[in-house]
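Before any comments, here is the structure.
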Amino acid sequence: MSNSKPLFIVFEGIDGSGKSTQIRMLQENLKLMGRSVCTTAEPTNSATGGLIRDTLSGNYIRSTAELASLFLTDRISHNVNPVWGIKKLLGEGKDVISDRYYYSSFAYQGLSTDIDWVLDMNLNCPDVQKPDLCIYLDVDPDSCKKRIDTNRTHLEIFELDPELMKKTRAKFFEVFEKLGDSENIRIVDANKPIDELADEIFAIVKGLID
Ligand code: TYD
């Protein structure tokens with residue numbers, strides 16, 4: 001049984017980068033160490049998450065600033081909700097692995113609104129806590145697009161255009177450069193076989209455990 005403090009880990013990557021699979025594998029590996037692990041995702045299932053999904057599906061058009069604000073509101077609920085919030089889960093001694101977090105707002109919304117405003121409101125929000133680790137799954141945007149086109153019946157707004165996926169990847173890198181050492185970000189090559197990648201990620205996470 002591992003007794004180090006509970007970890008808050010975030011997975012990021014462009015759409016179709018394989019986050020769900022790697023999150024599941026990390027959860028299993030941590031559980032085998034005797035740790036208690038919860039997984040969460042953004043957008044959440046909150047009412048605000050529903051407003052966001054209406055926009056991602058293309059059914060309700062919003063400005064990028066409006067969408068960025070909704071993502072922040074949803075992220076605050078993700079942190080402080082008394083039943084399923086990150087703070088509550090960590091307080092119970094559980095590790096939390098989130099599928100996306102504020103890095104996605106920086107990359108996706110940063111493409112078409114004032115990125116410094118998006119950074120400021122997220123990083124300086126008292127209810128939004130900093131992750132212990134962000135794992136960025138780096139994959140070739142063309143293979144992501146192929147995977148999405150094969151596996152999904154309805155595409156969301158950020159999954160429609162391969163050029164947009166390339167720009168989003170570039171924006172993630174620009175953001176990571178900008179954040180420097182202020183955040184613990186590890187970029188991994190996610191083009192490699194699934195098991196090999198899972199082992200690499202587990203080794204990174206074990207480095208945070210006493
Ligand atoms: P995604 O992980 O693809 O969820 P699903 O598998 O349910 O479609 O995330 C949904 C989309 O939301 C994705 O295209 C990225 C986008 N997004 C933002 O634009 N900003 C954000 O802050 C977050 C968290 C996600």
Side-chain angles (χ1 to χ4, degrees), residues 8-20 23-24 38-91 96-131 134-137 141 144-145 147-149 151-169 171-172 174-175 179 183:
F8 174 31
I9 300 168
V10 170
F11 276 71
E12 293 281 5
I14 57 173
D15 296 271
S17 54
K19 290 181 279 97
S20 322
I23 288 173
R24 198 168 7 90
C38 289
T39 59
T40 62
E42 292 189 4
T44 72
N45 290 324
S46 72
T48 315
L51 299 177
I52 292 171
R53 284 183 199 286
D54 283 344
T55 298
L56 293 175
S57 64
N59 286 336
Y60 192 101
I61 295 168
R62 296 177 203 278
S63 79
T64 303
E66 188 182 2
L67 187 57
S69 306
L70 286 177
F71 271 116
L72 175 58
T73 303
D74 187 46
R75 188 160 298 125
I76 291 174
S77 304
H78 187 196
N79 272 273
V80 304
N81 183 281
V83 179
W84 44 264
I86 297 164
K87 281 181 190 164
K88 186 232 180 198
L89 298 173
L90 292 172
V96 178
I97 309 177
S98 178
D99 186 337
R100 298 196 184 280
Y101 200 56
Y102 50 45
Y103 313 94
S104 282
S105 289
F106 305 156
Y108 286 84
Q109 282 62 62
L111 277 173
S112 51
T113 189
D114 182 342
I115 190 166
D116 290 322
W117 171 70
V118 183
L119 283 157
D120 283 351
M121 72 172 170
N122 278 279
L123 297 175
N124 296 322
C125 176
D127 281 343
V128 171
Q129 85 177 69
K130 187 198 280 204
C134 165
I135 306 262
Y136 179 81
L137 301 187
C144 283
K145 179 70 178 132
R147 206 183 308 181
I148 290 169
D149 289 346
N151 296 333
R152 313 241 170 114
T153 43
H154 298 290
L155 296 185
E156 293 180 337
I157 53 172
F158 297 117
E159 300 170 337
L160 295 169
D161 174 7
E163 283 314 305
L164 182 59
M165 293 177 68
K166 284 180 192 158
K167 283 189 194 146
T168 309
R169 175 177 180 269
K171 203 72 183 173
F172 266 115
E174 191 186 311
V175 162
L179 291 169
E183 302 271 324

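In this chain, numbering begins with 1 at the start of the sequence shown.
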Nearest-0.5 Å distance that lies between atom CG in Leu89 and atom NZ in Lys87: 12.5 Å
Donor-acceptor under 3.5 Å (Asn151 side chain, Arg147 main chain): yes
Rounded distance (nearest 0.5 Å) linking atom CE of Met165 with atom CZ of Arg169: 11.5 Å
Evaluation steps, side chain to side chain contact (heavy atoms under 4.5 Å, CB included), between Ile86 and Ser98: CA-CA 9 Å; Ile86 297 164; Ser98 178; 5.6 Å; no
Chi angles and distances behind the side chain to side chain contact (heavy atoms under 4.5 Å, CB included) call for Thr168, Phe158: CA-CA 9 Å; Thr168 309; Phe158 297 117; 5.5 Å; no
Thr113 side-chain N/O to Gly110 backbone N/O, donor-acceptor pair under 3.5 Å: no
Ser105 versus Asn122, closest heavy-atom pair with distance: CB-ND2, 4.3 Å
Polar side-chain atom of Asn79 near backbone of Gln129 as donor-acceptor pair, under 3.5 Å: yes
With Asp161 via side-chain contact (heavy atoms from CB on, under 4.5 Å) - residues at least two apart: Glu163, Leu164
Modelled atom types, side-chain donor and acceptor of Thr64 and Ser112, under 3.5 Å: yes
Donor-acceptor contact present, side-chain Lys88 to main-chain Val83, <3.5 Å: yes
Crowding at NZ, Lys166 (>12 non-hydrogen neighbours, <6.0 Å): yes
Aromatic plane relationship, Tyr103 with Phe106 - under 30° parallel, 30 to 60° tilted, over 60° perpendicular: perpendicular
Arg53 side chain to Pro43 backbone, donor-acceptor under 3.5 Å: yes
Full working for side chain to side chain contact (heavy atoms under 4.5 Å, CB included) between Thr40 and Thr44: CA-CA 8 Å; Thr40 62; Thr44 72; over 6 Å; no
From CA spacing to verdict: ring-ring contact (aromatic ring centres under 6.0 Å, His included), Tyr108, Phe71: CA-CA 11 Å; Tyr108 286 84; Phe71 271 116; 8.3 Å; no
Taking every non-hydrogen atom, the tightest pair across Pro131 and Val10: CG-CG2, 3.6 Å
From OG1 (Thr48) to CZ (Arg75), nearest 0.5 Å: 12.0 Å
Straight-line distance of Leu67 CG to Leu72 CG, nearest 0.5 Å: 11.5 Å
Atom pair CG/CD1 of Leu137 and Ile23 - distance to nearest 0.5 Å: 8.0 Å
Smallest separation among heavy atoms of Gly16 and Cys144, with atom names: O-SG, 3.5 Å
Salt bridge Asp15-Arg100, side-chain N to carboxylate O under 4.0 Å: yes
Step-by-step side chain to side chain contact (heavy atoms under 4.5 Å, CB included) determination, Asp116 to Leu119: CA-CA 5 Å; Asp116 290 322; Leu119 283 157; 3.8 Å; yes
Side chain Lys145, main chain Leu160, donor-acceptor under 3.5 Å: yes
Heavy-atom closest pair, residues Asp74 and Gly49: OD1-N, 3.7 Å
Closest contact, heavy atoms only, Ser77 versus Trp84: O-CZ3, 3.6 Å
Interatomic distance, Phe11 atom CZ to Ile135 atom CD1 [nearest 0.5 angstrom]: 5.0 Å
Tyr60 backbone acceptor or donor facing Thr55 side chain under 3.5 Å: yes
Identified side chain to side chain contact (heavy atoms under 4.5 Å, CB included) counterpart of Tyr102 within the set Glu12, Glu42, Met121, Lys130: Lys130
Heavy-atom closest pair, residues Pro141 and Ile14: CA-CD1, 3.7 Å
Mutual orientation of the aromatic rings belonging to Phe172 and Tyr136 [parallel < 30°, tilted 30-60°, perpendicular > 60°]: tilted
